[in-house]
Amino acid sequence: MTSTERTMKALWSAWWQRWPRWVAWVTMLWAVLYAGFGLACALSGTSLLYHGSDSGVSGLGWVVAAVGALAASVSGGVVLYGLRPGLRVLLRVGCALAGITAFSLLMDVITLMFGQGVDSAASAANKALAAVGAVLLAATARSDRLPAGTARRAPSAAPRPVQLAAWTGTLAFVPYVAMKLVWAFGGTFAGVTGAEKLAVSERNGASGIFLTLESWGLDPTVLLALLGVFLLWGLVRPWGQVFPRWTLFLRGRRVPRWLPLAPALLGAATLAPYGVVGVGYLALATAGVVTVRPGDFPSSGDALLVGWTGMAAFAVYGLALTVAARSYWLRTRCEVLPAEVVWNRPVPGPRARTATGRRARTASSMNCKYLQFNRCCSRCARR
């Protein structure tokens, strides 16, 4: 690494550590753009809610503009007056609204991964913007928690209950994967053969990549399930925090915290509610309260069998992913050090000697820029 690269890395690290100072400005910029997006959709009559052939509610753009205006005013208040208790509540309300709007974004991402266009570009853009806004609003709501100093925790495995949840989420996919593999290899499940299922996918507008993988006996949803299980275990095992040996050039390096957390939070926010609501509906259908249409299956019973196989997997895996993501979040948080510990911690230098006889100097020499920054942060935190 050259000196220029080291300098740029140090500047980037210093800028990123000061995120509580600039996150409110970025949130305000996002809110203005989001409000403008909603206003443009409302004035042009563009629908942001798509349901099959129905264009949805065209007035939803006004709701998006209102949410963006609320977020802009609240984040602007944080910039001007600091993070007050009332503003924190409004930020959390805006974060919840943005999170609800971003629901099913994962489905659009999966659709694009297999070369298939989304049903509505405006709806997909709205979900993506809302997801970004949810993260920014949540960060702004926590921007007053500026520690005096931080230290990285050593890589560790999740507690036993969390690992048990990971095993449960993994095993929940076994019936789903078995069902998909039966169809992929031309077998029959729930009264439908693999050829009939492939014809249904083609009739429903599946992409060429999807159909090609199906014809090779590689169901795309099974591949995604395997990736989901890999992500789940990366959240609960130490190799999810430090790249293992089989990653070649990356081995031994720290895994960026956002790398597993971003897909984990997106998947948990989509699959957990989707699966739980679906299981509840299937329970009502099994009890005879509601009626399930056969659809592409010979009978309602076959449709219920397939529904239980899929929804149970999504619900259990989504809940397990939520538990694992929370554990990973807590285990990878930087440990907050008190100001006294940070200020009196010895650092390498020629002016003092430690108990082992090695030369060291304390932070009171004011020669360590890192500790100077921590001292500034501790003063700001007391205000």
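Note that this is a predicted model, so its numbers are computed, not measured.
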Shared ILVMFWY cluster between Leu91 and Leu80, side chains joined below 4.5 angstrom?
no
Name all residues meeting the ring pair (Phe, Tyr, Trp, His ring centres under 6.0 Å) criterion together with Trp167; count only those two or more places apart in sequence or in a different chain, and write none if there are none.
Trp233
Once rounded to the nearest 0.5 Å, what's the spacing between atom CZ of Arg257 and atom CD of Gln241?
10.0 Å
Is there side-chain contact between Leu235 and Val162, with at least one heavy-atom pair below 4.5 Å?
no
Run the side-chain contact (heavy atoms from CB on, under 4.5 Å) test against Thr193 and tell me which residues pass, sequence neighbours left out.
Thr188, Ala195, Glu196
Tell me if a side-chain donor or acceptor on Tyr328 pairs with a main-chain N or O of Pro260 at a distance below 3.5 Å.
no
Honestly curious: do Leu226 and Val236 fall in one hydrophobic cluster under the side-chain, below-4.5 Å linking rule?
no
When you compare the side chain of Tyr281 with that of Thr286, does any pair of heavy atoms fall below 4.5 Å?
no
Roughly how far, to the nearest 0.5 Å, is SG of Cys41 from CG of Leu60?
9.0 Å
Shortest non-hydrogen contact from Pro155 to Val242?
CG-CG2, 3.3 Å
At their closest point, which heavy atom of Ala24 faces which heavy atom of Val79, and how far apart are they?
CB-CG2, 3.7 Å
Taken in chain and number order and not counting sequence neighbours, the residues that satisfy ring pair (Phe, Tyr, Trp, His ring centres under 6.0 Å) with Phe243 are none
Hydrogens and angles aside, do Arg326 and Thr322 bring a side-chain donor and acceptor to less than 3.5 Å of each other?
no
Is it true that a side-chain atom of Ser327 and a backbone atom of Ala324 form a donor plus acceptor pair closer than 3.5 Å?
no
Path from Leu224 to Leu232 over hydrophobic side-chain contacts below 4.5 Å:
yes
With rounding to the nearest 0.5 Å, note down the distance linking OG1 in Thr332 to CG in Leu261.
5.5 Å
Any chain of hydrophobic side-chain contacts (each under 4.5 Å) joining Leu181 to Val192?
yes
Kindly compute the distance separating CG (Leu305) from CG (Leu282), expressed to the nearest 0.5 Å.
10.5 Å
Ser156 vs Pro238 side-chain heavy atoms within contact, under 4.5 Å:
no
Is any side-chain heavy atom of Ser300 closer than 4.5 Å to one of Pro294?
yes
Who pairs with Trp329 by ring pair (Phe, Tyr, Trp, His ring centres under 6.0 Å), at least two apart in sequence or on another chain?
none
I need the minimum non-hydrogen distance between Ala125 and Phe37, along with the two atoms involved.
CB-CZ, 4.2 Å
Value for CG (Leu266) from CG (Leu106), rounded to nearest 0.5 Å, stands at 5.0 Å
Scanning both residues in full, the closest heavy-atom pair of Ala72 with Ser75 reads O-OG, 3.2 Å
Apply side-chain contact (heavy atoms from CB on, under 4.5 Å) to Tyr274 and Met311, showing your working.
CA-CA 8 Å; Tyr274 177 73; Met311 287 300 173; 3.3 Å; yes
Taken to the nearest 0.5 Å, the spacing of Thr168 OG1 from Tyr317 OH works out to 13.5 Å
What residue among Val135, Leu136, Val74 forms side-chain contact (heavy atoms from CB on, under 4.5 Å) with Thr27?
Leu136
Show which side-chain atoms of residues 171-179 pair as donor or acceptor with protein atoms under 3.5 Å away, not counting sequence neighbours.
unit_1	atom_1	unit_2	atom_2	d
Tyr176	OH	Thr221	OG1	3.4

Closest heavy-atom pair, Leu321 versus Ala268, reported as atoms and distance to 0.1 Å, is CD2-N, 3.6 Å
Would Leu271 end up clustered with Val316 when hydrophobic side chains under 4.5 Å apart are linked, directly or stepwise?
no
Pair Phe230-Trp239, ring-ring contact (aromatic ring centres under 6.0 Å, His included): steps then yes or no:
CA-CA 11 Å; Phe230 177 80; Trp239 55 264; 5.2 Å; yes
Does the side chain of Thr270 come within less than 4.5 Å of Leu105's, by heavy atoms?
no
Donor-acceptor pairs under 3.5 Å, side chain of residues 28-35 to any protein atom, not counting sequence neighbours: which ones?
unit_1	atom_1	unit_2	atom_2	d
Trp30	NE1	Leu129	O	2.9
Tyr34	OH	Asn126	OD1	2.8

Using only heavy-atom distances, determine whether the side chains of Gln163 and Arg237 contain a donor-acceptor pair under 3.5 Å.
yes
Identify the two heavy atoms, one from Gly38 and one from Val64, that lie closest to each other, and give their separation to 0.1 Å.
CA-CG1, 3.7 Å
